[in-house]
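One structure is given here, and the rest of the page talks about it.
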Amino acid sequence: MSIADELATVYDAKSTEEEMYKFWEENEFFKADETSDKPPFSIVIPPPNVTGVLHMGHALDGTLQDILTRYHRMSGYEALWLPGTDHAGIATQAVVEKKLRAEGKSRFDLGREKFLEETWKWANEHKSAILNQFKRLGASFDRTRERFTFDEGCSAAVKKVFVDLYNKGLIYKGAYIVNWCPRCMSAISDIETEYETEQGHLWEISYPLVNEQGAIVVATTRPETMFGDVAIAVHPSDYKYKDLIGKKVYIPLSRREIPIIADEYVDKSFGTGAVKITPAHDPNDYEVGKRHNLKPIWVIDEQGKMIDCPEVPEDIRGLDRYEAREKTVGMLSYNNSLIRITEHEHNVGKCQRCNTTIEPLLSEQWFVKMEPLAKEAIAAVKDGRIKFVPERWEKNYLGWMENIRDWCISRQLWWGHQIPAYYHNQTGEMVVAEENPDPENYTQDTDCLDTWFSSGLWPFSTMGFPNTETADFKKFYPTSVLVTGFDIIFFWVARMITMGLEFTKKAPFSTVYIHGLIRDEKGQKMSKSKGNTIDPVNIIDKYGCDALRFTLTSLCTYGGQDIKISDERFEYGRNFANKIWNASRFVLMNLDGVDNNNIDMNSLTLADKWILNKLNDAAKEVNENIKNYRIGEIAHILYDFFWNSYCDWYVEIAKIQLQNPEQKLNTQRVLRYVLDMSLRLLHPIMPHITEKIWQLIPKQSEFKAIIKADYPVYEDKFSYPQESEEMELVFETIKSLRNVRQGFNISPSVPINIEIRAAKEEKSVFEAVVSYIKRLARINEIIFEDINSDVPKKSAACVVSKSRIIIPLEDLIDLNAEIKRQEKKLDKLTSEKNSLLGRLNNEKFTSKAPKEVIEQSKQRVEEIEHQEESIKELINNLK
RNA sequence: GGGCGUUUAGCUCAGUUGGUAGAGCGCUUCCCUUACAAGGAAGAUGUCGGGAGUUCGAGCCUCUCAACGCCCACCA
């Protein structure tokens with residue numbers, strides 16, 4: 001009993017995956033050698049959050065990176081896929097704070113040092129969890145090089161970059177209006193703010209003039225900010241308010257006096273044409289205030305509560321901003337200051353992390369001056385040093401870069417890279433340096449850096465930077481390609497390009513491969529709150545890892561469209577894996593007695609040549625497509641080749657050849673060779689099953705593992721275009737005969753005989769494949785007759801190319817049915833011919849179309865005419 | 001307000017220099033043929049969103065309209 005006989009008829013994904021991954025790890029096949037002479041291929045993983053769990057987006061992203069890594073590893077490159085995680089400032093701090101809250105504590109109870117200790121502990125516990133989940137995906141990344149955005153090396157890189165940028169004048173500190181999240185209690189950057197349309201109100205409030213009759217009515221969406229008003233602005237050319245400019249009004253409720261000013265910022269046609277100016281709590285108002293030298297007044301604090309200060313009426317102080325709004329409106333109404341309320345739809349900024357409504361807040365923050373840095377980042381994409389796939393994302397990237405705004409990098413958090421700025425305890429003097437100049441007398445800035453600041457350095461901080469002389473940096477930087485979704489082009493890709501160019505003078509990668517986002521079956525974004533997530537680990541448990549990978553890969557279109565998935569879609573990959581498994585079982589079971597020699601190229605049958613030619617074409621196309629990042633396409637090519645060519649036809653024909661003592665040995669070699677190569681071609685997509693089977697194949701050479709085997713490429717010696725075309729003729733014959741059988745309801749168990757009336761040039765082909773036709777179309781006897789000999793009365797017929805196949809049916813045939821069948825075919829051919837003739841008779845076509853097209857059309861017409869004639873003859877014979 | 005994407009078989013989607021449309025699932029009929037019923041065989045199914053244009057010829061190029069989706073900007 002051979003090993004193949006012991007293999008189950010259903011592929012057991014789980015045990016294979018465990019066994020193979022262990023095998024790869026034990027043999028350190030994922031480890032990249034920085035001293036290798038091979039050309040480098042490197043990818044750094046988009047580091048998943050240390051707080052995270054594996055989701056479908058990771059599964060897709062990881063699969064694509066693994067495919068590229070495995071492909072290049074097999075194609076003569078020293079391939080490195082570098083894994084790691086992101087400390088994820090806000091997200092991680094939030095999780096730990098939540099944990100503390102459950103214990104009735106806040107981070108302030110612990111104090112910064114103790115809190116960080118707790119968070120480090122937590123992070124260290126969770127750091128490898130998500131990467132261990134990536135292992136279930138078959139990820140062939142090099143864990144010996146695993147990094148963390150908050151590890152020592154990354155921290156050194158962050159300090160170096162910060163100090164350098166500061167010294168170059170590209171980092172500055174100042175008071176500006178920022179997006180403030182009252183829940184995170186921190187500033188966030190512009191791109192971390194997402195806008196949502198909300199149905200709100202526009203309140204019109206009357207501000208009475210000082211020392212005279214009358215009032216000015218302003219419209220606002222945020223009445224609670226009125227206590228921070230420093231002016232009312234109108235448009236300078238607005239005749240309604242011309243006489244009021246320069247006069248003073250009282251703020252209702254608080255009775256503070258403020259001036260009426262003129263500023264072009266005001267839109268005359270909106271609301272009442274008069275705007276209240278609150279510089280501390282609105283970005284536009286801040287600009288207006290600056291222009292008019294008005295001192296901002298803060299009325300809302302970091303938690304979104306009304307400040308306890310003289311400007312805020314006592315009843316309002318300490319209230320949450322929404323309670324304050326309600327109360328203010330009530331008081332205004334009671335006071336007859338509220339003129340009108342209208343429904344108003346407007347956009348409200350939300351914190352990307354926690355969806356809390358952003359409070360624009362004037363505060364002291366650190367910024368990166370982006371414009372000077374963006375110049376090179378724009379040039380690198382425009383001149384082709386970096387290319388986006390698909391190309392359209394370049395436009396998106398450039399559009400953002402060309403309108404870049406300064407990047408607020410300070411966060412009022414504890415978990416993260418603390419800003420390397422130190423203040424003298426007495427004088428307040430500030431020193432920006434990698435180390436504290438004098439810990440006795442200087443205290444470090446309490447703010448942390450935006451997580452993306454450290455992620456932006458990832459491609460080179462992981463390679464040794466600030467030391468650019470490390471073996472890894474020299475061998476693997478710049479990296480080859482960055483694989484990610486379009487949602488983080490601005491957050492991450494743009495920053496890496498900017499920082500990479502500034503600090504290494506090189507683009508951190510030459511290609512940015514952007515794939516679509518995973519969505520649920522209705523096209524909705526997956527999220528825990530919607531409850532529509534599909535857990536990749538569940539899919540792996542249910543269908544197998546290779547099935548998941550194959551399905552996801554097959555859904556990756558070149559255009560990078562979003563991918564809609566449901567559980568059932570993974571049946572596609574599972575069924576294919578099972579097919580591979582069973583076809584392999586068949587081959588393995590039929591290799592008894594095979595030698596170690598290569599295929600004897602001199603005794604190939606027509607079918608052998610055909611499958612070798614097909615395999616060769618597939619290898620060629622796969623290599624071309626993978627190089628062009630048409631990764632979904634390779635799944636389709638290999639599926640079609642393996643299933644429709646190898647399994648459906650070649651394996652079936654091999655069964656016949658194996659029974660022929662003269663053909664047996666070489667057929668075994670061809671079966672083995674094609675299986676071997678197919679598995680290699682498939683390995684980057686379906687690593688486990690291919691490795692498992694490959695190691696069961698008795699082989700000529702002593703490869704240790706498929707993961708290290710050479711990837712197949714096109715080889716001239718396997719090119720048989722002529723023979724392949726002849727073979728297609730055979731397939732057409734067999735299909736036609738099956739069609740007749742089915743059409744006349746002839747059971748497979750009923751033997752039939754046929755006569756082949758071959759055209760001269762096709763006769764030898766038919767003679768060579770008699771055994772195939774007999775077996776695959778279930779024919780009892782085949783007689784060769786002259787093409788012009790009489791056709792028996794009661795028979796069906798097929799016209800194949802220039803030859804005819806006659807199926808004498810005697811009583812079985814319904815003559816009318818056969819006539820109808822033939823007439824239908826004739827109709828089809830005739831209409832095709834007419835359309836072609838229409839073209840050929842069009843002088844414009846014949847004079848303008850390329851010669852090949854004209855020639856092709858003529859040939860096809862000839863072919864059709866020949867077949868038409870045959871069919872007509874056959875019909876006449878039936879009548 | 002600006003930009004991008006999508007619209008092809010009942011469903012989900014491919015379609016690479018313009019040459020009369022493909023896959024998977026589903027559907028119909030037949031088959032447990034010694035790798036596989038998660039399988040095999042044979043089939044049916046499309047005015048390629050509407051309109052106009054360029055061209056000998058358009059799913060593919062140009063314009064326009066429509067629907068849906070996304071991104072950016074953000075007038076209180």
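Proteins come first, then strands; the chains are lettered A, B, ... in the order of their sequence lines, and each starts at number 1.
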message: Can you confirm whether more than 12 heavy atoms, excluding those of A:Lys530, are under 6.0 Å from its NZ atom?
response: yes

- prompt: Whom does B:rU16 pair with, Watson-Crick or G-U wobble, provided both distances fall under 3.5 Å?
  reply: none

- request: Starting at atom CG of A:Leu591, determine the distance to atom C1' of B:rA35, rounded to an integer number of angstrom.
  value: 12 Å

task: Flag the pair A:Tyr11 / A:Trp581 as yes when their ring centroid distance falls below 6.0 Å, and as no otherwise.
output: yes

query: Please give, in whole Å, the distance from B:rC70 C1' to A:Ile489 CD1?
result: 12 Å

- prompt: How about A:His235 and A:Phe270: are their ring centres within less than 6.0 Å of each other?
  reply: no

- request: For A:Arg405, report the nucleic acid contact type (base, sugar-phosphate, nothing); a contact means any heavy atom under 4.0 Å.
  value: sugar-phosphate

query: Among all residues two or more places apart in sequence or in another chain, which pass the side-chain hydrogen bond (donor to acceptor under 3.5 Å, both in side chains) test with A:Glu264?
result: none

- request: Rounded to the nearest angstrom, tell me the gap between atom CD1 in A:Ile191 and atom P in B:rC72.
  value: 9 Å

field: Gap between atoms CG and P, on A:Asn347 and B:rC72 respectively (whole Å)
entry: 12 Å

query: Considering Watson-Crick and G-U wobble pairs with both distances under 3.5 Å, what does B:rC70 pair with?
result: B:rG3

message: Going by purine N1 to pyrimidine N3 plus the second Watson-Crick contact, or the G-U wobble pair, all under 3.5 Å, which nucleotide sits opposite B:rA41?
response: B:rU29

- request: For A:Asn644 and B:rG40, give me the distance from atom CG to atom C1', rounded to whole Å.
  value: 12 Å

task: Describe the nucleic acid contact of A:His281 in one word from base, sugar-phosphate, nothing, applying a heavy-atom distance below 4.0 Å.
output: nothing

message: Between P on B:rU7 and NZ on A:Lys564, what's the gap in Å once rounded to a whole number?
response: 11 Å

- prompt: When the C1' atoms of B:rU8 and B:rG15 are considered, how many whole Å apart are they?
  reply: 9 Å

Separation between the C1' atoms of B:rA66 and B:rC25, rounded to whole Å: 30 Å

statement: Re B:rU62: Watson-Crick or G-U wobble partner, both distances kept under 3.5 Å, found to be B:rA52

- prompt: Which of these nucleotides, B:rG3, B:rG40, B:rA76, is closest to any side-chain atom of A:Lys395?
  reply: B:rG3

message: Could you check whether A:Tyr397 and A:Trp393 have their ring centres less than 6.0 Å apart?
response: no

field: Nearest to side-chain heavy atoms of A:Gln561, which nucleotide of B:rA42, B:rA14, B:rC56
entry: B:rA14

Between B:rC74 (P) and A:Glu194 (CD): distance, integer Å: 15 Å

query: Rounded to whole angstrom units, what separation is found between the NZ atom of A:Lys848 and the P atom of B:rG18?
result: 17 Å

statement: Ranking A:Trp643 and A:Leu555 by the position along RNA chain B of their nearest nucleotide, the one closer to 5' is A:Leu555

- request: Tell me what A:Tyr572 touches on the nucleic acid: a base, only sugar-phosphate, or nothing, going by heavy atoms under 4.0 Å.
  value: sugar-phosphate

message: Side chain of A:Asn578, heavy atoms from C-beta onward: which of B:rA76, B:rU20, B:rA38 has the nearest atom to it?
response: B:rA38

message: Reading RNA chain B from 5' onward, which residue's closest nucleotide shows up sooner: A:Trp581 or A:Arg392?
response: A:Arg392

